[in-house]
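What follows is a short report on a single structure.
Scope of the values below: all heavy atoms of this structure, side chains included, with no hydrogens, waters or symmetry mates.
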Amino acid sequence: MIAKKRTPDIFVYQEIINGLCKNGMGQEAFRIFCDLKERGYSPDRVMYTTMIDGLCKMGLIGEGRKLWFEMIRKGFIPNPYTYNVLIDGYCKMGDLEMAQKLRREMCERGYGESTVSYNTMIAGFCLHGKMDEAHKLFEEMPKKGIERDVVTYNTLIQGLCKEKKALEAMDLFYEILGMGMHPTISSYTPLIQALCDMGNAQEAIELWNDMRNRGLEPLVCTCDHIITGLCKAGNAKESMEWLINMLRSKQRPQRETFQRLVQYLSSSSRLDDALLVLDYLFGMGYILDETVLYSLVSQLCKGNLHHAWEYIGEILEKS
DNA sequence: GTAGGGTTAG
């Protein structure tokens, strides 16, 4: 456009800056933003908001704050979008006090709170393990007439799961259903992981099936969690089946998943399966961690030493 | 000639 002397307008630049920010090229966006100002363009409130958000998401909250004041100097009053972007930035870096201060300031300016502003703060508290505070806000929402949406629930579910409170998180999941809302991938993923971590793989699989029945496509890592969960629950057979299904559908399990499975199979004397999984592991281009290797070798040595020696030679060659 | 852009989980 520039070469053809078609000067891009502010909307085109807005799209470019936003697109770069959302695709991991925030530095480039910031360069263009600064360049624009030098060439005499004046960014408006939306563009400032977009750039402040981009900077916050890169962890450059100081730069974001500078732009905030620059915007005010140029006569733009921050609106709820601008506030939320900065509040989210402070939440993410753990300065919850500053986030709360900005939230009060936003209200003093006469802007009402919204589902998004609540979700932002709840996510901030959850991220930093302050579940009591998160709950307080969650309870406050209906009292203030602010609707909870599926993001509100998902955020709290994720927070509770991280704190190993899967039962409480399940209650919220049922509440989503009870309210007639539609759960999303983010409702299921942390729950399945938490249940697997607790050794409750069967319930996790029920959730998995429920998710599939709703036409939701699970994240690949969810499958990894189920495989490790099944090992934890002592279910070698099903664990192998899930792994093979993953490989069949051309999904790449994590190295850690293979290792846990090899470790579990060898420690429960299923050496044939362990060696089979090991073959898949090497086939994916992974190498075996030393501690898992030692445990496998010592298991092999408990059996027929002659065979053990053959296997070990083969394993060492591949690793 | 007009309208058009920005925020929360993952």
Do the side chain of A/T50 and the base of B/dG6 come within less than 3.5 angstrom through a donor-acceptor pair of N or O atoms?
no
A/L191 has an atom CG; how far is it from atom C1' of B/dA9, in whole Å?
13 Å
Would you indicate what A/T120 reaches in the nucleic acid, counting non-hydrogen atoms under 4.0 angstrom: base, sugar-phosphate, or nothing?
sugar-phosphate
Rounded off to whole Å, could you give me the OH-to-P distance for the A/Y41 and B/dG5 pair?
19 Å
Any chance the side chains of A/Y264 and A/K232 put a donor and an acceptor closer than 3.5 Å?
no
Any salt bridge between A/D88 and A/K57, counting N to O under 4.0 Å?
yes
Which part of the nucleic acid, if any, lies within contact of A/P80, taking any heavy atom under 4.0 Å across all strands shown: a base, the sugar-phosphate backbone alone, or nothing?
base
If you only use heavy atoms from C-beta on, which nucleotide in B/dG6, B/dA9, B/dG5 is closest to the side chain of A/M47?
B/dG5
Distance-only donor-acceptor test (3.5 Å): side chain A/N84, base B/dG6
no
At 4.0 Å (heavy atoms only), tell me whether A/T189 reaches a base, stays on the sugar-phosphate, or touches nothing.
nothing
Measure the distance from CG on A/N79 to P on B/dT8 and round it to the nearest whole Å.
14 Å
Between P of B/dA9 and CE of A/M131, the distance in whole Å:
15 Å
Before accepting this row, confirm whether a basic side-chain N of the pair A/E140/A/K136 lies closer than 4.0 Å to the acidic partner's carboxylate O.
no
Would you classify A/V151 as touching base, sugar-phosphate or nothing, given that sugar-phosphate means primed atoms plus P, OP1 and OP2, and contacts are heavy atoms under 4.0 Å?
base
Do the side chains of A/K101 and A/E97 get close enough for a salt bridge, i.e. N-O under 4.0 angstrom?
no
With a 4.0 Å limit, can you tell me whether A/K92 has a side-chain N or O closer than that to the phosphate oxygens OP1/OP2 of B/dT7?
no
Does A/R6 have more than 12 heavy atoms from other residues, nucleotides or ligands lying within 6.0 Å of its CZ?
no
Compare the minimum distances between each of B/dT8, B/dG5, B/dG4 and the side chain of A/D149, then state the nucleotide with the smallest one.
B/dT8
Give A/S117 one of three labels, base, sugar-phosphate or nothing, depending on what nucleic acid heavy atoms sit under 4.0 Å from its own.
nothing
In whole Å, what is the span from the NE2 atom of A/H128 to the P atom of B/dA9?
13 Å
Using whole Å, what does the distance between atom C1' of nucleotide B/dT7 and atom CG of A/D53 come to?
7 Å
Nearest-angstrom distance from the residue atom CD1 of A/I87 to P of B/dA9
13 Å
Tell me which nucleotide among B/dA9, B/dG6, B/dT8 gets nearest to the side chain of A/N154.
B/dA9
Could you tell me whether the phosphate oxygens of B/dG6, OP1 or OP2, come under 4.0 Å of any side-chain nitrogen or oxygen in A/K57?
no
Do A/R65 and A/Y90 meet the cation-pi criteria used here (NZ or CZ under 6.0 Å from the six-membered ring centre, within 45° of the axis)?
no
Between B/dG4, B/dA9, B/dG6, which one does the side chain of A/F11 approach most closely?
B/dG4
Whole-Å distance separating the CZ atom of A/F76 from the P atom of B/dG6:
17 Å
